2 protein chains.
Amino acid sequence: MTPPPATPEPISRRARPAKAPLSREAIVRAGLAILDRDGLDALTMRRVAKELDTGPASLYVYVANRDDLMAAMLDEALARVPLTAEGSWREQLHALVAASVEAMSRHEGLAAVALGAIPTGANALLVLDRMLALLKQAGLDDITAAWAVDLLHLHSAAAAAEQSAHLTKGGKEETVVADADRHYAALPAERYPMITALRSALFSAGDRDTWGLDVLLSGILQTPAR
Amino acid sequence: MTPPPATPEPISRRARPAKAPLSREAIVRAGLAILDRDGLDALTMRRVAKELDTGPASLYVYVANRDDLMAAMLDEALARVPLTAEGSWREQLHALVAASVEAMSRHEGLAAVALGAIPTGANALLVLDRMLALLKQAGLDDITAAWAVDLLHLHSAAAAAEQSAHLTKGGKEETVVADADRHYAALPAERYPMITALRSALFSAGDRDTWGLDVLLSGILQTPAR
DNA sequence: GTTTGACACGAACGGCGTTCGCTCCCTAGT
DNA sequence: ACTAGGGAGCGAACGCCGTTCGTGTCAAAC
(Lines give C-alpha, C1' and ligand atoms only; values in the text may rest on other atoms or scores of the structure.)
Protein backbone atom coordinates (compact mmCIF):
# COMPACT_ATOMS: atom_id res chain seq x y z
CA MET A 1 0.00 0.00 0.00
CA THR A 2 1.08 3.53 -0.63
CA PRO A 3 1.97 5.14 2.63
CA PRO A 4 0.23 8.48 2.68
CA PRO A 5 3.20 10.79 2.39
CA ALA A 6 3.11 13.11 5.31
CA THR A 7 -0.48 14.21 4.77
CA PRO A 8 0.08 17.69 6.15
CA GLU A 9 -3.60 18.53 6.36
CA PRO A 10 -3.24 22.30 6.42
CA ILE A 11 -6.53 23.06 8.09
CA SER A 12 -7.32 20.51 10.72
CA ARG A 13 -10.99 20.36 11.53
CA ARG A 14 -10.06 20.69 15.16
CA ALA A 15 -8.35 23.97 14.50
CA ARG A 16 -11.51 25.53 13.23
CA PRO A 17 -13.28 28.10 15.35
CA ALA A 18 -16.43 26.66 16.82
CA LYS A 19 -17.76 23.50 15.33
CA ALA A 20 -21.25 22.87 16.58
CA PRO A 21 -21.32 19.47 18.21
CA LEU A 22 -23.09 16.68 16.41
CA SER A 23 -26.57 15.84 17.58
CA ARG A 24 -29.62 14.03 16.33
CA GLU A 25 -31.41 17.31 15.90
CA ALA A 26 -28.61 18.84 13.86
CA ILE A 27 -28.51 15.77 11.63
CA VAL A 28 -32.24 15.89 11.05
CA ARG A 29 -32.11 19.57 10.20
CA ALA A 30 -29.21 19.04 7.82
CA GLY A 31 -31.14 16.24 6.17
CA LEU A 32 -34.15 18.45 5.63
CA ALA A 33 -31.97 21.21 4.25
CA ILE A 34 -30.44 18.86 1.69
CA LEU A 35 -33.77 17.30 0.81
CA ASP A 36 -35.32 20.69 0.15
CA ARG A 37 -32.33 22.06 -1.70
CA ASP A 38 -31.21 19.10 -3.80
CA GLY A 39 -33.97 16.50 -3.75
CA LEU A 40 -34.42 12.95 -2.56
CA ASP A 41 -31.59 11.45 -4.57
CA ALA A 42 -29.15 13.79 -2.89
CA LEU A 43 -30.26 12.69 0.57
CA THR A 44 -27.44 10.26 1.25
CA MET A 45 -25.64 9.64 4.49
CA ARG A 46 -22.44 10.89 2.91
CA ARG A 47 -24.08 14.09 1.78
CA VAL A 48 -25.62 14.75 5.17
CA ALA A 49 -22.28 14.12 6.83
CA LYS A 50 -20.55 16.52 4.48
CA GLU A 51 -23.15 19.17 5.29
CA LEU A 52 -22.14 18.81 8.92
CA ASP A 53 -18.47 18.76 8.02
CA THR A 54 -17.83 15.22 9.15
CA GLY A 55 -17.76 11.66 7.82
CA PRO A 56 -20.70 9.33 7.32
CA ALA A 57 -19.68 7.04 10.15
CA SER A 58 -20.21 9.80 12.67
CA LEU A 59 -23.90 9.96 11.98
CA TYR A 60 -24.55 6.47 13.22
CA VAL A 61 -24.09 7.48 16.82
CA TYR A 62 -27.33 9.47 16.66
CA VAL A 63 -29.21 7.78 13.88
CA ALA A 64 -29.75 4.06 13.43
CA ASN A 65 -29.78 4.16 9.64
CA ARG A 66 -31.15 6.07 6.70
CA ASP A 67 -34.73 4.98 7.35
CA ASP A 68 -34.51 6.12 10.94
CA LEU A 69 -33.21 9.47 9.76
CA MET A 70 -36.07 9.87 7.31
CA ALA A 71 -38.62 9.00 9.96
CA ALA A 72 -37.13 11.64 12.23
CA MET A 73 -37.18 14.12 9.37
CA LEU A 74 -40.85 13.36 8.78
CA ASP A 75 -41.71 14.05 12.38
CA GLU A 76 -39.71 17.26 12.33
CA ALA A 77 -41.64 18.36 9.24
CA LEU A 78 -44.92 17.61 11.00
CA ALA A 79 -43.92 19.89 13.86
CA ARG A 80 -44.93 22.81 11.67
CA VAL A 81 -48.56 21.72 11.39
CA PRO A 82 -50.72 24.11 13.42
CA LEU A 83 -52.90 22.08 15.74
CA THR A 84 -55.66 24.57 16.23
CA ALA A 85 -57.76 26.62 13.87
CA GLU A 86 -60.98 28.53 13.82
CA GLY A 87 -64.42 27.48 12.78
CA SER A 88 -66.59 24.42 13.05
CA TRP A 89 -65.16 20.98 13.69
CA ARG A 90 -65.44 20.31 9.99
CA GLU A 91 -63.51 23.42 9.01
CA GLN A 92 -60.88 22.66 11.61
CA LEU A 93 -60.51 19.07 10.46
CA HIS A 94 -60.26 20.24 6.91
CA ALA A 95 -57.54 22.70 7.83
CA LEU A 96 -55.66 20.09 9.84
CA VAL A 97 -55.58 17.55 7.04
CA ALA A 98 -54.68 20.17 4.47
CA ALA A 99 -51.83 21.39 6.64
CA SER A 100 -50.53 17.85 7.10
CA VAL A 101 -50.53 17.26 3.38
CA GLU A 102 -48.82 20.58 2.84
CA ALA A 103 -46.12 19.85 5.40
CA MET A 104 -45.34 16.45 3.99
CA SER A 105 -45.53 17.30 0.31
CA ARG A 106 -43.12 20.17 0.82
CA HIS A 107 -40.32 17.63 1.31
CA GLU A 108 -39.90 15.14 -1.49
CA GLY A 109 -40.19 11.53 -0.43
CA LEU A 110 -41.15 12.06 3.19
CA ALA A 111 -44.77 11.18 2.57
CA ALA A 112 -43.71 7.74 1.43
CA VAL A 113 -42.26 7.14 4.88
CA ALA A 114 -45.62 7.86 6.46
CA LEU A 115 -47.44 5.53 4.11
CA GLY A 116 -45.88 2.33 5.31
CA ALA A 117 -45.90 2.78 9.04
CA ILE A 118 -48.27 3.29 11.92
CA PRO A 119 -47.42 6.78 13.16
CA THR A 120 -45.24 6.86 16.25
CA GLY A 121 -43.46 10.21 16.06
CA ALA A 122 -44.30 12.73 18.75
CA ASN A 123 -45.64 15.33 16.33
CA ALA A 124 -47.47 12.84 14.17
CA LEU A 125 -49.23 11.63 17.28
CA LEU A 126 -50.22 15.15 18.25
CA VAL A 127 -51.87 15.62 14.87
CA LEU A 128 -53.57 12.27 15.24
CA ASP A 129 -54.81 13.12 18.70
CA ARG A 130 -56.24 16.40 17.47
CA MET A 131 -57.98 14.65 14.60
CA LEU A 132 -59.56 12.20 16.98
CA ALA A 133 -60.83 15.03 19.15
CA LEU A 134 -62.45 16.74 16.18
CA LEU A 135 -64.05 13.54 14.96
CA LYS A 136 -65.50 12.87 18.39
CA GLN A 137 -66.75 16.45 18.43
CA ALA A 138 -68.55 15.60 15.22
CA GLY A 139 -70.51 13.03 17.15
CA LEU A 140 -68.92 9.83 15.86
CA ASP A 141 -68.73 6.74 18.01
CA ASP A 142 -65.32 5.52 19.13
CA ILE A 143 -64.81 2.86 16.51
CA THR A 144 -65.91 5.01 13.61
CA ALA A 145 -63.69 7.83 14.81
CA ALA A 146 -60.75 5.45 15.09
CA TRP A 147 -61.23 4.02 11.64
CA ALA A 148 -61.80 7.47 10.23
CA VAL A 149 -58.53 8.77 11.58
CA ASP A 150 -56.85 5.82 9.94
CA LEU A 151 -58.46 6.63 6.64
CA LEU A 152 -57.60 10.31 6.89
CA HIS A 153 -54.02 9.48 7.68
CA LEU A 154 -53.81 7.20 4.67
CA HIS A 155 -55.34 9.85 2.46
CA SER A 156 -53.03 12.57 3.74
CA ALA A 157 -49.93 10.54 3.12
CA ALA A 158 -51.09 9.46 -0.32
CA ALA A 159 -52.10 12.94 -1.39
CA ALA A 160 -48.80 14.33 -0.19
CA ALA A 161 -46.85 11.59 -1.94
CA GLU A 162 -48.62 12.22 -5.19
CA GLN A 163 -48.27 15.96 -4.92
CA SER A 164 -44.58 15.91 -4.12
CA ALA A 165 -43.96 13.41 -6.90
CA HIS A 166 -45.63 15.66 -9.42
CA LEU A 167 -43.90 18.67 -8.00
CA THR A 168 -40.42 17.33 -8.45
CA LYS A 169 -40.78 15.10 -11.48
CA GLY A 170 -38.62 16.69 -14.11
CA GLY A 171 -39.52 20.10 -12.83
CA LYS A 172 -42.78 21.31 -14.23
CA GLU A 173 -46.11 19.93 -13.16
CA GLU A 174 -47.69 21.40 -16.26
CA THR A 175 -45.43 19.35 -18.49
CA VAL A 176 -46.35 16.09 -16.81
CA VAL A 177 -50.07 16.71 -17.18
CA ALA A 178 -49.71 17.90 -20.75
CA ASP A 179 -47.75 14.76 -21.62
CA ALA A 180 -50.42 12.56 -20.08
CA ASP A 181 -53.15 14.47 -21.91
CA ARG A 182 -51.39 13.92 -25.21
CA HIS A 183 -50.90 10.25 -24.35
CA TYR A 184 -54.60 9.86 -23.61
CA ALA A 185 -55.55 11.67 -26.79
CA ALA A 186 -53.68 9.08 -28.80
CA LEU A 187 -55.45 6.10 -27.24
CA PRO A 188 -57.67 3.91 -29.43
CA ALA A 189 -61.27 4.86 -28.75
CA GLU A 190 -62.60 1.35 -29.26
CA ARG A 191 -60.38 -0.02 -26.50
CA TYR A 192 -60.72 2.85 -24.07
CA PRO A 193 -64.12 4.36 -24.85
CA MET A 194 -64.72 6.07 -21.53
CA ILE A 195 -61.28 7.58 -21.26
CA THR A 196 -61.59 8.92 -24.76
CA ALA A 197 -65.08 10.29 -24.13
CA LEU A 198 -64.26 11.88 -20.79
CA ARG A 199 -60.76 13.04 -21.54
CA SER A 200 -61.50 16.72 -21.13
CA ALA A 201 -63.16 16.02 -17.78
CA LEU A 202 -60.21 13.90 -16.66
CA PHE A 203 -57.85 16.79 -17.14
CA SER A 204 -60.22 19.53 -16.08
CA ALA A 205 -58.93 22.10 -13.66
CA GLY A 206 -60.42 22.62 -10.22
CA ASP A 207 -59.70 22.12 -6.56
CA ARG A 208 -59.57 18.36 -6.43
CA ASP A 209 -57.88 18.28 -3.04
CA THR A 210 -60.69 20.16 -1.35
CA TRP A 211 -63.27 18.04 -3.13
CA GLY A 212 -61.52 14.82 -2.11
CA LEU A 213 -61.49 15.87 1.49
CA ASP A 214 -65.18 16.77 1.33
CA VAL A 215 -65.90 13.36 -0.10
CA LEU A 216 -64.09 11.70 2.75
CA LEU A 217 -65.74 13.73 5.47
CA SER A 218 -69.22 13.32 4.04
CA GLY A 219 -68.69 9.62 3.59
CA ILE A 220 -67.37 9.19 7.11
CA LEU A 221 -70.35 11.03 8.59
CA GLN A 222 -72.88 8.75 7.01
CA THR A 223 -71.03 5.45 7.24
CA PRO A 224 -70.79 4.17 10.80
CA ALA A 225 -68.31 1.33 11.25
CA ARG A 226 -69.92 -2.05 11.77
CA MET B 1 -32.07 -21.97 -34.29
CA THR B 2 -28.42 -22.61 -33.72
CA PRO B 3 -27.58 -26.25 -33.20
CA PRO B 4 -24.95 -25.72 -30.54
CA PRO B 5 -21.79 -26.93 -32.23
CA ALA B 6 -18.56 -27.92 -30.62
CA THR B 7 -17.92 -24.64 -28.88
CA PRO B 8 -14.72 -25.25 -26.97
CA GLU B 9 -15.95 -23.37 -23.94
CA PRO B 10 -16.33 -25.91 -21.16
CA ILE B 11 -19.63 -24.68 -19.78
CA SER B 12 -20.51 -22.07 -22.29
CA ARG B 13 -23.92 -20.58 -22.07
CA ARG B 14 -24.13 -21.31 -25.74
CA ALA B 15 -23.78 -25.02 -25.11
CA ARG B 16 -26.84 -25.09 -22.97
CA PRO B 17 -30.00 -26.65 -24.34
CA ALA B 18 -32.42 -23.89 -25.21
CA LYS B 19 -31.86 -20.48 -23.80
CA ALA B 20 -34.93 -18.37 -24.27
CA PRO B 21 -33.98 -15.16 -26.01
CA LEU B 22 -34.05 -11.99 -24.01
CA SER B 23 -37.13 -9.86 -24.32
CA ARG B 24 -38.88 -7.11 -22.41
CA GLU B 25 -41.57 -9.53 -21.40
CA ALA B 26 -39.12 -12.08 -20.08
CA ILE B 27 -37.32 -9.39 -18.08
CA VAL B 28 -40.57 -8.18 -16.56
CA ARG B 29 -41.58 -11.69 -15.60
CA ALA B 30 -38.18 -12.38 -14.08
CA GLY B 31 -38.46 -9.16 -12.11
CA LEU B 32 -41.83 -10.15 -10.71
CA ALA B 33 -40.52 -13.59 -9.81
CA ILE B 34 -37.65 -12.09 -7.85
CA LEU B 35 -39.84 -9.47 -6.21
CA ASP B 36 -42.28 -12.09 -5.00
CA ARG B 37 -39.61 -14.54 -3.92
CA ASP B 38 -37.01 -12.29 -2.32
CA GLY B 39 -38.56 -8.88 -1.81
CA LEU B 40 -38.00 -5.35 -3.00
CA ASP B 41 -34.40 -5.08 -1.86
CA ALA B 42 -33.49 -8.06 -4.00
CA LEU B 43 -34.97 -6.46 -7.09
CA THR B 44 -31.73 -5.19 -8.59
CA MET B 45 -30.73 -5.10 -12.21
CA ARG B 46 -27.90 -7.48 -11.45
CA ARG B 47 -30.23 -9.92 -9.77
CA VAL B 48 -32.74 -9.82 -12.61
CA ALA B 49 -29.93 -10.35 -15.10
CA LYS B 50 -28.66 -13.34 -13.15
CA GLU B 51 -32.15 -14.82 -13.13
CA LEU B 52 -32.04 -14.66 -16.92
CA ASP B 53 -28.51 -16.00 -16.97
CA THR B 54 -26.93 -12.89 -18.41
CA GLY B 55 -25.25 -9.67 -17.32
CA PRO B 56 -26.90 -6.44 -16.21
CA ALA B 57 -25.86 -4.54 -19.32
CA SER B 58 -27.97 -6.79 -21.48
CA LEU B 59 -31.18 -5.63 -19.87
CA TYR B 60 -30.79 -2.09 -21.05
CA VAL B 61 -31.65 -3.02 -24.60
CA TYR B 62 -35.24 -3.69 -23.56
CA VAL B 63 -35.63 -1.58 -20.44
CA ALA B 64 -34.64 2.04 -20.04
CA ASN B 65 -33.74 1.76 -16.36
CA ARG B 66 -34.94 0.34 -13.10
CA ASP B 67 -37.90 2.67 -12.86
CA ASP B 68 -39.03 1.73 -16.33
CA LEU B 69 -38.78 -1.92 -15.36
CA MET B 70 -40.86 -1.40 -12.25
CA ALA B 71 -43.52 0.48 -14.21
CA ALA B 72 -43.72 -2.40 -16.65
CA MET B 73 -43.94 -4.83 -13.75
CA LEU B 74 -46.80 -2.85 -12.27
CA ASP B 75 -48.75 -2.99 -15.48
CA GLU B 76 -48.10 -6.70 -15.81
CA ALA B 77 -49.42 -7.19 -12.28
CA LEU B 78 -52.54 -5.23 -13.16
CA ALA B 79 -53.21 -7.57 -16.06
CA ARG B 80 -54.61 -10.03 -13.54
CA VAL B 81 -57.40 -7.71 -12.39
CA PRO B 82 -60.72 -9.06 -13.66
CA LEU B 83 -62.54 -6.27 -15.45
CA THR B 84 -66.05 -7.57 -15.05
CA ALA B 85 -68.04 -8.84 -12.12
CA GLU B 86 -71.63 -9.47 -11.15
CA GLY B 87 -74.05 -7.28 -9.32
CA SER B 88 -74.96 -3.63 -9.18
CA TRP B 89 -72.59 -0.93 -10.33
CA ARG B 90 -71.65 -0.39 -6.74
CA GLU B 91 -70.78 -4.01 -6.14
CA GLN B 92 -68.82 -4.14 -9.36
CA LEU B 93 -66.90 -1.00 -8.52
CA HIS B 94 -66.18 -2.34 -5.10
CA ALA B 95 -64.86 -5.57 -6.57
CA LEU B 96 -62.78 -3.72 -9.13
CA VAL B 97 -61.06 -1.51 -6.58
CA ALA B 98 -60.53 -4.41 -4.20
CA ALA B 99 -58.97 -6.47 -6.97
CA SER B 100 -56.65 -3.63 -7.93
CA VAL B 101 -55.49 -3.26 -4.37
CA GLU B 102 -55.02 -6.99 -4.11
CA ALA B 103 -53.01 -7.17 -7.32
CA MET B 104 -50.70 -4.34 -6.32
CA SER B 105 -50.23 -5.25 -2.70
CA ARG B 106 -49.24 -8.76 -3.67
CA HIS B 107 -45.96 -7.40 -4.99
CA GLU B 108 -43.95 -5.35 -2.52
CA GLY B 109 -43.19 -1.83 -3.64
CA LEU B 110 -45.16 -1.81 -6.86
CA ALA B 111 -47.93 0.28 -5.36
CA ALA B 112 -45.44 3.06 -4.70
CA VAL B 113 -44.81 3.25 -8.44
CA ALA B 114 -48.50 3.87 -9.07
CA LEU B 115 -48.68 6.61 -6.44
CA GLY B 116 -46.42 9.05 -8.16
CA ALA B 117 -47.56 8.85 -11.73
CA ILE B 118 -50.62 9.36 -13.86
CA PRO B 119 -51.42 5.86 -15.11
CA THR B 120 -50.31 5.17 -18.66
CA GLY B 121 -49.89 1.40 -18.77
CA ALA B 122 -52.25 -0.52 -21.03
CA ASN B 123 -53.75 -2.59 -18.22
CA ALA B 124 -53.94 0.29 -15.78
CA LEU B 125 -55.89 2.21 -18.38
CA LEU B 126 -58.29 -0.67 -18.89
CA VAL B 127 -59.05 -0.68 -15.19
CA LEU B 128 -59.47 3.07 -15.26
CA ASP B 129 -61.79 2.89 -18.24
CA ARG B 130 -63.93 0.31 -16.52
CA MET B 131 -64.11 2.42 -13.39
CA LEU B 132 -65.27 5.38 -15.40
CA ALA B 133 -67.98 3.32 -17.03
CA LEU B 134 -69.29 2.16 -13.66
CA LEU B 135 -69.24 5.66 -12.23
CA LYS B 136 -71.19 6.97 -15.19
CA GLN B 137 -73.61 4.09 -14.72
CA ALA B 138 -74.10 5.39 -11.20
CA GLY B 139 -75.41 8.61 -12.68
CA LEU B 140 -72.50 10.93 -12.00
CA ASP B 141 -71.78 13.83 -14.27
CA ASP B 142 -68.58 13.79 -16.30
CA ILE B 143 -66.48 15.95 -14.04
CA THR B 144 -67.48 14.22 -10.84
CA ALA B 145 -66.81 10.83 -12.45
CA ALA B 146 -63.39 12.00 -13.61
CA TRP B 147 -62.42 13.35 -10.21
CA ALA B 148 -63.81 10.27 -8.53
CA VAL B 149 -61.70 7.93 -10.62
CA ASP B 150 -58.69 10.00 -9.63
CA LEU B 151 -59.59 9.67 -5.98
CA LEU B 152 -60.22 5.95 -6.26
CA HIS B 153 -56.90 5.45 -7.99
CA LEU B 154 -55.13 7.35 -5.25
CA HIS B 155 -56.89 5.34 -2.60
CA SER B 156 -56.14 2.04 -4.29
CA ALA B 157 -52.45 2.77 -4.61
CA ALA B 158 -52.22 4.02 -1.04
CA ALA B 159 -54.11 1.10 0.43
CA ALA B 160 -51.96 -1.33 -1.51
CA ALA B 161 -48.77 0.42 -0.47
CA GLU B 162 -49.75 0.32 3.17
CA GLN B 163 -50.85 -3.27 3.00
CA SER B 164 -47.74 -4.51 1.27
CA ALA B 165 -45.55 -2.55 3.66
CA HIS B 166 -47.21 -4.17 6.65
CA LEU B 167 -47.12 -7.52 4.97
CA THR B 168 -43.40 -7.52 4.45
CA LYS B 169 -42.14 -5.49 7.37
CA GLY B 170 -40.12 -7.89 9.41
CA GLY B 171 -42.50 -10.66 8.57
CA LYS B 172 -45.49 -10.66 10.84
CA GLU B 173 -48.25 -8.12 10.61
CA GLU B 174 -49.38 -9.09 14.08
CA THR B 175 -46.05 -8.12 15.54
CA VAL B 176 -46.11 -4.66 14.00
CA VAL B 177 -49.57 -3.92 15.35
CA ALA B 178 -48.76 -5.33 18.77
CA ASP B 179 -45.65 -3.15 18.94
CA ALA B 180 -47.64 -0.08 18.03
CA ASP B 181 -50.30 -0.95 20.59
CA ARG B 182 -47.67 -1.23 23.30
CA HIS B 183 -46.14 2.04 22.17
CA TYR B 184 -49.50 3.80 22.38
CA ALA B 185 -50.17 2.30 25.79
CA ALA B 186 -47.03 3.94 27.12
CA LEU B 187 -47.96 7.43 25.91
CA PRO B 188 -48.59 10.16 28.49
CA ALA B 189 -52.35 10.61 28.81
CA GLU B 190 -52.12 14.33 29.46
CA ARG B 191 -50.35 14.95 26.18
CA TYR B 192 -52.33 12.50 24.06
CA PRO B 193 -55.72 12.29 25.77
CA MET B 194 -57.74 11.08 22.81
CA ILE B 195 -55.27 8.42 21.72
CA THR B 196 -55.13 7.12 25.24
CA ALA B 197 -58.89 7.13 25.60
CA LEU B 198 -59.61 5.54 22.24
CA ARG B 199 -56.69 3.14 22.13
CA SER B 200 -58.78 0.02 22.09
CA ALA B 201 -60.90 1.41 19.27
CA LEU B 202 -57.79 2.39 17.32
CA PHE B 203 -56.58 -1.18 17.33
CA SER B 204 -59.97 -2.83 17.06
CA ALA B 205 -60.36 -5.56 14.50
CA GLY B 206 -62.79 -5.32 11.61
CA ASP B 207 -62.91 -4.95 7.87
CA ARG B 208 -61.46 -1.50 7.50
CA ASP B 209 -60.81 -1.86 3.80
CA THR B 210 -64.42 -2.52 2.99
CA TRP B 211 -65.51 0.29 5.26
CA GLY B 212 -63.05 2.70 3.67
CA LEU B 213 -64.33 1.89 0.24
CA ASP B 214 -67.91 2.39 1.39
CA VAL B 215 -66.96 5.75 2.78
CA LEU B 216 -65.46 6.78 -0.51
CA LEU B 217 -68.38 5.63 -2.62
CA SER B 218 -70.98 7.20 -0.36
CA GLY B 219 -69.05 10.43 -0.25
CA ILE B 220 -68.62 10.51 -4.00
CA LEU B 221 -72.34 9.97 -4.57
CA GLN B 222 -73.37 12.92 -2.49
CA THR B 223 -70.59 15.34 -3.36
CA PRO B 224 -70.82 16.62 -6.91
CA ALA B 225 -67.72 18.38 -8.12
CA ARG B 226 -68.04 22.14 -8.34
C1' DG C 1 -1.86 10.79 37.22
C1' DT C 2 -4.33 7.26 35.53
C1' DT C 3 -8.41 5.02 33.92
C1' DT C 4 -12.46 4.95 31.48
C1' DG C 5 -15.91 5.57 28.29
C1' DA C 6 -18.33 8.13 24.85
C1' DC C 7 -17.81 10.33 20.68
C1' DA C 8 -15.53 11.07 16.13
C1' DC C 9 -14.04 9.33 11.96
C1' DG C 10 -10.62 7.18 8.24
C1' DA C 11 -10.80 3.24 5.78
C1' DA C 12 -12.81 -0.39 3.87
C1' DC C 13 -16.48 -3.91 2.33
C1' DG C 14 -19.79 -5.43 -0.58
C1' DG C 15 -23.01 -3.93 -3.03
C1' DC C 16 -25.67 -0.74 -6.47
C1' DG C 17 -27.35 1.54 -11.41
C1' DT C 18 -25.65 2.62 -15.49
C1' DT C 19 -22.33 3.31 -19.55
C1' DC C 20 -18.76 2.20 -22.80
C1' DG C 21 -17.05 -0.27 -26.40
C1' DC C 22 -15.90 -4.74 -28.12
C1' DT C 23 -17.43 -9.22 -30.14
C1' DC C 24 -20.37 -12.03 -32.60
C1' DC C 25 -24.08 -13.39 -35.42
C1' DC C 26 -28.04 -12.63 -38.43
C1' DT C 27 -29.82 -10.39 -42.28
C1' DA C 28 -29.86 -8.09 -46.70
C1' DG C 29 -27.75 -6.77 -50.74
C1' DT C 30 -24.98 -7.94 -54.31
C1' DA D 1 -21.53 -17.45 -52.28
C1' DC D 2 -19.79 -13.68 -50.32
C1' DT D 3 -19.61 -9.57 -47.88
C1' DA D 4 -21.10 -5.35 -45.48
C1' DG D 5 -23.83 -3.51 -41.93
C1' DG D 6 -26.04 -3.29 -37.73
C1' DG D 7 -28.02 -4.59 -33.65
C1' DA D 8 -27.96 -7.76 -29.71
C1' DG D 9 -25.16 -9.50 -25.98
C1' DC D 10 -22.10 -8.65 -22.46
C1' DG D 11 -17.30 -8.00 -19.79
C1' DA D 12 -15.42 -4.41 -17.53
C1' DA D 13 -15.42 -0.37 -15.38
C1' DC D 14 -17.03 4.18 -13.09
C1' DG D 15 -18.71 6.54 -9.43
C1' DC D 16 -21.72 6.16 -6.28
C1' DC D 17 -24.22 4.06 -2.09
C1' DG D 18 -25.26 2.30 3.24
C1' DT D 19 -23.05 0.48 6.80
C1' DT D 20 -19.28 -1.48 9.96
C1' DC D 21 -14.83 -1.86 12.17
C1' DG D 22 -11.13 -0.39 14.72
C1' DT D 23 -8.52 3.21 16.16
C1' DG D 24 -7.79 7.84 17.75
C1' DT D 25 -9.01 11.68 21.02
C1' DC D 26 -10.27 13.98 24.97
C1' DA D 27 -12.85 15.20 29.14
C1' DA D 28 -14.61 13.60 33.29
C1' DA D 29 -14.13 10.36 37.21
C1' DC D 30 -11.40 8.31 40.25
Side-chain angles (χ1 to χ4, degrees), chain A residues 1-28 30-31 34-35 38-73 109 112-113, chain B residues 1-16 18-28 30-31 34-35 38-73 109 113:
Chain A
M1 281 298 151
T2 354
T7 43
E9 200 171 351
I11 306 178
S12 161
R13 180 166 300 107
R14 220 164 276 293
R16 288 222 268 263
K19 171 129 178 290
L22 226 43
S23 72
R24 181 170 237 260
E25 217 185 293
I27 292 171
V28 169
I34 291 170
L35 185 63
D38 303 323
L40 183 60
D41 286 349
L43 187 72
T44 70
M45 301 303 275
R46 286 172 150 83
R47 193 81 183 60
V48 172
K50 186 173 286 183
E51 181 89 3
L52 294 167
D53 200 14
T54 181
S58 303
L59 306 179
Y60 286 85
V61 176
Y62 302 96
V63 148
N65 51 43
R66 189 175 183 266
D67 285 350
D68 182 34
L69 170 57
M70 289 194 67
M73 287 167 59
V113 176
Chain B
M1 238 8 199
T2 335
T7 40
E9 287 167 320
I11 314 182
S12 160
R13 175 172 303 106
R14 222 165 279 293
R16 287 224 265 268
K19 169 124 182 292
L22 225 43
S23 73
R24 180 170 239 260
E25 217 184 293
I27 292 172
V28 169
I34 291 170
L35 186 62
D38 304 323
L40 183 59
D41 286 348
L43 186 72
T44 70
M45 301 303 274
R46 287 172 149 84
R47 192 83 183 60
V48 172
K50 187 174 284 181
E51 180 90 3
L52 294 168
D53 201 13
T54 181
S58 303
L59 305 180
Y60 286 84
V61 176
Y62 303 96
V63 149
N65 50 45
R66 190 176 183 264
D67 285 350
D68 181 35
L69 170 57
M70 290 195 66
M73 287 167 60
V113 175

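This one's a predicted model, so the numbers in the text were calculated from it and none came from an experiment. Letters go in sequence order (proteins before strands), and every chain restarts at 1.
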Go through the structure and list residues passing salt bridge (Lys or Arg N to Asp or Glu O under 4.0 Å) with [X], not counting sequence neighbours.
{"X": "D67(B)", "result": "none"}
{"X": "D68(A)", "result": "R24(A)"}
{"X": "R46(A)", "result": "none"}
{"X": "D38(B)", "result": "R47(B)"}

[X] has an atom [atom1]; how far is it from atom [atom2] of [N], in whole Å?
{"X": "D38(B)", "N": "dG15(C)", "atom1": "CG", "atom2": "C1'", "answer": "16 Å"}
{"X": "L40(B)", "N": "dG17(C)", "atom1": "CG", "atom2": "C1'", "answer": "15 Å"}
{"X": "K50(A)", "N": "dC9(C)", "atom1": "NZ", "atom2": "P", "answer": "15 Å"}
{"X": "L59(B)", "N": "dT18(C)", "atom1": "CG", "atom2": "P", "answer": "10 Å"}
{"X": "D68(A)", "N": "dT19(D)", "atom1": "CG", "atom2": "C1'", "answer": "14 Å"}

Pairwise 5' ranking along DNA chain C for P56(A) and V61(A), keeping only the more 5' one: V61(A)
Under 4.0 angstrom between T54(B) side-chain N/O and dC10(D) OP1 or OP2: yes
Contact under 4.0 Å: S58(B) side-chain N or O vs dC10(D) OP1/OP2: yes
Trace of the side-chain contact (heavy atoms from CB on, under 4.5 Å) decision for V28(B) with L69(B): CA-CA 7 Å; V28(B) 169; L69(B) 170 57; 4.2 Å; yes
Taking only nitrogen or oxygen atoms into account, show me every contact under 3.5 Å that the protein makes with nucleotides 14-18 of chain D, one pair per line with its distance.
| unit_1 | atom_1 | unit_2 | atom_2 | d |
| --- | --- | --- | --- | --- |
| dC17(D) | OP1 | T44(A) | OG1 | 3.2 |
| dG18(D) | OP1 | M45(A) | N | 3.3 |
| dG18(D) | OP1 | R66(A) | NE | 3.3 |
| dG18(D) | OP2 | M45(A) | N | 2.9 |
| dG18(D) | N7 | R46(A) | NH1 | 2.4 |
| dG18(D) | O6 | R46(A) | NH1 | 3.3 |
| dG18(D) | O6 | R46(A) | NH2 | 3.0 |

For S58(B), side-chain hydrogen bond (donor to acceptor under 3.5 Å, both in side chains) partners two or more places apart: T54(B)
